[in-house]
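Whatever order the structure lists ligands and atoms in, that order sets their numbers, starting from 1. Side chains included, hydrogens not; waters and symmetry mates left out as well; all remaining heavy atoms used.
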Amino acid sequence: MTEKRENLMDKITSLAKRRGFVFPGSEIYGGLANTWDYGPVGVELKNNIKQAWWKMFVQDREDIVGLDAAILMNSNVWQASGHTAGFNDSLVDCKKCRARLRADHLVEDNLDIKVEGKSLKEITEIIRDNNLKCSACGKSDFTEARKFNLMFKTYQGVVEEDNAIIYLRPETAQAMFVNFKNVMSSTHKKIPFGIAQAGKSFRNEITPGNFIFRTIEFEQMELEYFIKEENWQKQFEYWQNEMIKWLDYLGIKKENYSIREHDKEELSHYSKKTIDIEYNFPFGVKELYGLAYRGNFDLTQHQKHSKQNMEYFDTEDNKKYIPHVIEPTFGVDRTFLAAMVDAYTEEEAPTADGKTETRVVMKFNKNIAPVKVAILPLSKKENLSKYAKEIFDSLKTEFTCQYDESQSIGKRYRRQDEIGTPYCVTVDFESLEDDAVTVRDRDTMKQERVKVGELVEWLREAF
Ligand code: GAP
C-alpha cells in the first residue's frame, strides 16, 4: 500500500467523524471493536443508497417483490442452510503478542494462495512454511489454525438452555428461501421472478475491519432470483450487467472496480459460478459485491429440513421442479465506503483574498448526495433570516435541504463541500430587493444569479 493511499483512509475516517458521516461505536466508553454509528449526514447518504436500490431492483420492476423478515429465525434455518456447521473462519493466535488473526487473510494477503477448501492442517503448514508474520508485532510464531463460528448466538426466553439458542442472522438471504412458498401463493408470480430484502446482518468478525468495510453488524441488500435451470448462464450474465448499471447509477468510477471470478477451489460445492465485484479501496482491492449461481441448493435443503414442499408448478412446461437461483448481493456499508472513497477530492481553489488553498470536496453523484441544497443567508439579521427560511420551506419538500447561518460564508461553503452538497443557495441583502439568490455549483464553484420564483425549476433541471 502506498503511503498516499494509506493517508487517504485516515483522511476519510477523520472527515467522516468531523462532518457527521460516521462515528466510532460506543466511543465515550472506549468503543466496541468493529462497530460504527452513522451520524446525521451519514444516515442521509445511507438512506439514499437503500432507497435507490429498492426503487431500481423492486419498485421499477414487475418481476421482483420485496420482503422484510424477522432478524431472529428458527435455528433449524441455519442447520438447513449449512451456517451452523460451515459458517466458520479459521483463526490463528500470535504466541508473542496474542493478536488473533483470520488465517485466510494472513495467507491471502501475503501469498497468491486461496485457502477455501483447504484443511486446518494445510493452512497451518502454509503459514509455517512461508514464515508468515503477525500484522500486529511482526513475529512469526502462531498457534495451529482453529475453526470459529461467525454467527452471534443468543437465547430466547429467560433461561439460558441449549434448546433456546437462537442466532442473529448472518445474511438476509435465507428468509427469502424460507418465505418462497408464502410469496408464491400471495403474489402468483411466474418464474423467472425474484424476492428482494434489505436489512441488518450480523457476523462475529474478529479481524480489524478497515473502518466500515468489515463490521460485526452491517446491512445487506440481496436478491434471490428464481429461474429454470437451463437458463442459468443467460440469467447470470443479465444480473452481472444489472449490477454494473447500479454502479453507474451510483457514479462509481469504472477504473476503480473490477470483476473476479471464483476459481474451482473457492466455489461453494453447490455453485457453478460466482463472481466478486471488487473495489480498489485504499487498503487494497477487496470484495464490494457478490453474484452467485446457487443452483437449487437452498430450497432443496429447506424442503428436506422443514418437510415442506418447495416445488414450483410450471404451467408452461406442465411440470414440477425446485427452481434454481441467481443471487446478486450488495453490502450497504461497503457501498457507502466505496462512494466516500470515489467522491473524496482535494483540489487547489482560489480564496477571497486572491490566494489559493486546498479544497476538500466530496464529489458524490448528485442522486445520492446526503444534502442536495444548502440555504445560506449572508447575515443573521432578522429580515434576511426570515426571507431565507421561506426559501428553505419552498424547497424542502422536494430536495433534502440544510439551513445554515453560522460562521463566515467561506467556512459554510467549505462545510458543504465536505459533505458533498451539490448546490449552495446564498441569500444576500440584494435578494430582498431583486428577489434573486446566488446558486453556487459544488464542482465548478461557478455562481449564478437565479430568480427565487424560478429556483425550484432551476434545481429540478440541475438534478
Ligand atoms: N447471501 C450471500 C452472502 O451473504 P457474502 O459475500 O458473505 O454473501 C454479501 O456477503 C455482501 O455483504 C458482501 O459482498 C459485502 O458487501 C457484505 N458484507 C459481508 N460481510 C460483511 C461485513 N462483515 N461487514 C460489512 N459488509 C459485509
| task | Could you verify whether a donor N or O on one side chain and an acceptor N or O on the other, from T172 and E222, lie under 3.5 Å apart? | result | yes
| Looking just at side-chain N and O atoms, do E311 and N309 make a donor-acceptor pair shorter than 3.5 Å? | yes
Distance under 4.0 Å to a non-hydrogen atom of [X]: what atoms of ligand 1 satisfy this?
X	result
G331	16 (O), 17 (C)
F213	24 (N), 25 (C), 26 (N)
E327	1 (N), 2 (C)
E287	6 (O), 13 (C), 14 (O)
E205	23 (N)
E222	1 (N), 2 (C), 3 (C), 4 (O)
A173	1 (N)

Considering only the protein, which heavy-atom contact is closest to [atom], and what is its distance?
atom	result
atom 18 (N) of ligand 1	F218 CE1, 3.6 Å
atom 9 (C) of ligand 1	T329 OG1, 3.1 Å
atom 15 (C) of ligand 1	R334 NH1, 3.6 Å

| query | Relative to ligand 1, is T215 under 4.0 angstrom through side chain, backbone, both or neither, heavy atoms considered? | reply | both
| message | Test of understanding: given a 4.0 Å heavy-atom threshold, classify the contact between L288 and ligand 1 as side chain, backbone, both, or neither. | response | backbone
| request: Taking the six-membered ring for Trp and the full ring for Phe, Tyr or His, determine whether the centres of Y279 and F281 are under 6.0 Å apart. | output: yes
| note | Of Q220, E219, K286, the one whose closest heavy atom lies nearest atom 10 (O) of ligand 1 is Q220
| said: Looking at non-hydrogen atoms alone, which of E171, R214, R203 comes nearest to atom 7 (O) of ligand 1? | reply: R203
Side chain [X], main chain [Y], donor-acceptor under 3.5 Å:
X	Y	result
R359	E348	no
N367	Y249	yes
T187	V183	yes

| message | For a salt bridge (charged side-chain N to carboxylate O under 4.0 Å, His left out) check, start with the C-alpha distance between E219 and K46, then their side-chain angles and the critical distance, and finish with the verdict. | response | CA-CA 10 Å; E219 282 186 83; K46 202 180 188 200; 2.7 Å; yes
